[in-house]
J.: 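One structure is given below, represented as structure tokens, and several questions about it will come after.
By convention in this document, chain letters (A, B, ...) are assigned in the order of the sequence lines, proteins followed by strands, and residues within each chain are numbered from 1. Atom set for the values below is all heavy atoms of this structure, side chains included, hydrogens, waters and symmetry mates excluded.
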Amino acid sequence: MILPRAFYARPTLEVARDLLGKVLVHETAAGRASGMIVETEAYIGEDDPACHAAPGPTPRNAPLYGPPGFAYVYFNYGMHYLVNAVTEPEGAPAAVLIRALAPLEGVASMRRRRVRGTGRRAADLDVHEICRGPGNLTRALGIGLGQNRADLTHGALVVEDRGTTPGRVAWGPRIGIRAGVDRPWRAWIAGHPAVSGPAAMRGV
DNA sequence: CGTTCGATGCACT
DNA sequence: GTGCATCGAACGT
């Protein structure tokens with residue numbers, strides 16, 4: 001079952017927690033690619049210095065101010081696309097960053113996309129490495145700016161509930177930010193091997 | 001295990 | 001011009 005818009009129109013920390021165990025699915029010309037979400041981060045409002053809404057509305061962050069249940073995809077560090085799910089009622093700028101997946105469908109295609117253009121060989125990738133990290137998972141699933149503003153409740157990029165209940169959920173500081181490190185708004189499935197970050201940030 | 005550092009493009013000041 | 005919601009290779013311990 002595809003998650004309905006009401007799922008996203010809630011407090012962002014609840015959505016970040018409840019997305020764990022759900023399945024991100026991207027239908028492409030090469031077929032279906034999907035994975036279970038095992039790590040998320042919440043970015044909440046103009047008062048959150050790490051949120052893209054911190055400077056107020058701009059052309060880039062416009063999706064954050066729009067209705068919930070849509071994708072916010074942006075380009076970072078000159079080479080990576082990051083995908084978020086917009087949350088809260090429309091007008092409240094917030095989103096959940098998807099940081100890692102446990103690969104489910106289309107694993108062979110995901111491996112190929114992951115190593116394309118690099119010197120690495122697909123066979124050298126451990127299954128848990130394929131979608132570990134926000135830049136890695138978008139690459140594996142073929143997600144780019146074409147998916148910005150995609151409706152996550154209908155179409156080629158959706159999030160499904162397949163009845164999987166995650167194990168214990170752990171919380172800690174968000175990764176890769178300068179300001180806002182005091183807010184423990186990163187959630188992950190404790191002990192899951194596909195979770196990103198250094199060992200010290202994968203613990204319980 | 002840990003830290004450092006280059007690649008790479010764009011939004012924003 | 002500055003600073004990224006990153007990654008992986010290279011190197012030190």
J.: Output the rounded distance in Å from CG (A:Asp48) to P (C:dC4).
T.: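 Rounded to whole Å, this separation is 14 Å.
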J.: Looking only at side-chain atoms of A:Ala199, point me to the closest of C:dT6, B:dA7, B:dC1.
T.: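 Comparing C:dT6, B:dA7, B:dC1 against the side chain of A:Ala199, the answer is B:dC1.
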J.: Could you tell me the separation between the CG atom of A:Asn76 and the C1' atom of C:dG3, rounded to a whole number of Å?
T.: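 So the CG-C1' distance, A:Asn76 to C:dG3, works out to 10 Å.
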J.: I'd like to know whether CG of A:Asp182 has more than 12 heavy-atom contacts from other residues, nucleotides or ligands below 6.0 angstrom.
T.: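 Check passes, neighbour count above 12.
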J.: For C:dA5, does either OP1 or OP2 sit under 4.0 Å from a side-chain N or O belonging to A:Arg99?
T.: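 Result: no.
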J.: Across the strands shown, which category fits A:Pro198 at heavy-atom distances under 4.0 angstrom: base, sugar-phosphate, nothing?
T.: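 Touches nothing.
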J.: It should be established whether A:Arg114 places a side-chain nitrogen or oxygen under 4.0 Å from OP1 or OP2 of nucleotide C:dG8.
T.: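 Answer yes for this pair, as a side-chain N or O of A:Arg114 is under 4.0 Å from OP1 or OP2.
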J.: Going by purine N1 to pyrimidine N3 plus the second Watson-Crick contact, or the G-U wobble pair, all under 3.5 Å, which nucleotide sits opposite C:dC11?
T.: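 Because both required distances fall under 3.5 Å, C:dC11 counts as paired with B:dG2.
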J.: So, do A:Thr40 and A:Arg186 sit near enough that their side-chain heavy atoms are less than 4.5 Å apart?
T.: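 Side chain of A:Thr40 against side chain of A:Arg186, heavy atoms only: no contact under 4.5 Å found.
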J.: Contact class for A:Arg139 vs. all strands (heavy atom < 4.0 Å): base, sugar-phosphate, or nothing?
T.: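 Nothing: the residue A:Arg139, judged by heavy atoms under 4.0 Å, touches no strand.
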J.: Could you walk me through whether A:Arg10 and A:Asp18 pass the salt bridge (charged side-chain N to carboxylate O under 4.0 Å, His left out) test, one step at a time?
T.: CA-CA 11 Å; A:Arg10 295 186 295 145; A:Asp18 294 344; 3.0 Å; yes
J.: Classify A:Thr58 by what it touches in the nucleic acid, base, sugar-phosphate, or nothing, heavy-atom distance under 4.0 Å.
T.: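 The residue A:Thr58 makes sugar-phosphate contact but no base contact.
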J.: Students often get this wrong, so: under 4.0 angstrom with heavy atoms, is A:Arg174 touching a base, only sugar-phosphate, or nothing?
T.: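 The residue A:Arg174 makes no contact with any strand.
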J.: Ignoring backbone atoms, test whether A:Asn136 places a side-chain nitrogen or oxygen under 4.0 Å from the OP1 or OP2 oxygen of C:dC7.
T.: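 For C:dC7, OP1 or OP2 has a side-chain N or O of A:Asn136 closer than 4.0 Å.
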J.: Just how far, in rounded Å, is C1' of B:dC1 from CE of A:Met201?
T.: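 It is 17 Å, rounded to the nearest whole Å.
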J.: Can you check the A:Arg113 CZ to C:dC7 P distance for me, whole Å?
T.: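 So the two atoms are 17 Å apart, to the nearest Å.
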J.: When the distance from CG of A:Leu137 to C1' of C:dT6 is rounded to whole Å, what number comes out?
T.: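 Going from CG in A:Leu137 over to C1' in C:dT6 covers 12 Å.
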J.: What's A:Phe75 touching, base or sugar-phosphate or nothing? Going by heavy atoms closer than 4.0 Å.
T.: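 It contacts sugar-phosphate atoms only.
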J.: Please give the distance between the C1' atoms of B:dC10 and C:dG8 as a whole number of Å.
T.: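 My reading of the C1' atoms in B:dC10 and C:dG8 gives 22 Å.
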J.: What does C:dA5 pair with, Watson-Crick or G-U, if both distances are under 3.5 Å?
T.: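 Paired with C:dA5, as far as the under-3.5 Å criterion goes, is no nucleotide at all.
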J.: Would you say the side chain of A:His80 and the base of C:dA5 hold a donor-acceptor pair, judged only by whether the two atoms sit under 3.5 Å apart?
T.: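 Check fails, no donor-acceptor contact within cut-off.
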J.: Are B:dA7 and A:Tyr77 stacked, with the base six-membered ring and the side-chain ring centres under 5.5 Å apart and planes under 30°?
T.: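 No.
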J.: Answer with yes or no after comparing the ring centroid distance for A:His52 and A:Tyr74 against a 6.0 Å cut-off, counting only values under it.
T.: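 Judged by ring-centre distance (under 6.0 Å), A:His52 and A:Tyr74 do meet the cut-off.
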J.: Round to the nearest Å and state the distance from A:Arg121 atom CZ to C:dG8 atom P.
T.: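 After rounding, the gap between these two atoms is 17 Å.
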J.: Given C:dC7, C:dC4, C:dG8, which nucleotide is nearest the side-chain atoms of A:Arg120?
T.: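 That would be C:dG8.
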J.: Using a strict 4.0 Å threshold on nitrogen-to-oxygen distance, state whether A:Arg111 and A:Glu129 make a salt bridge.
T.: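 No.
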J.: Rounded off to whole Å, could you give me the CG-to-P distance for the A:Leu97 and C:dA5 pair?
T.: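 It works out to 10 Å between those atoms.
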J.: With a 3.5 Å distance limit and no angle check, can you tell me whether A:Thr138 reaches the backbone of A:Tyr81 through a side-chain donor-acceptor pair?
T.: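 Such a contact is found between A:Thr138 side chain and A:Tyr81 backbone.
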J.: Between C:dT6, B:dT8, B:dA11, which one does the side chain of A:Leu82 approach most closely?
T.: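 From the listed options, C:dT6 comes nearest.
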J.: Counting only side-chain heavy atoms from C-beta out, which of C:dA5, C:dT6, C:dG8 sits nearest to A:His52?
T.: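 The closest nucleotide is C:dA5.
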J.: Could you check how far CD1 of A:Ile98 sits from P of C:dT6, rounded to whole Å?
T.: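 One finds 14 Å between P of C:dT6 and CD1 of A:Ile98, rounded.
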J.: If you look at every strand shown and take non-hydrogen atoms under 4.0 Å, does A:Ile177 touch a base, only sugar-phosphate, or nothing?
T.: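 It contacts sugar-phosphate atoms only.
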J.: Whether A:Arg132 and A:Asp126 form a salt bridge (side-chain N of Lys/Arg under 4.0 Å from carboxylate O of Asp/Glu) is what I want to check.
T.: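 Salt bridge between A:Asp126 and A:Arg132, a charged N being under 4.0 Å from a carboxylate O: no.
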J.: Contact class for A:Gly135 (heavy atom, under 4.0 Å): base, sugar-phosphate, or nothing?
T.: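 A:Gly135: backbone/sugar contact only, no base atoms under 4.0 Å.
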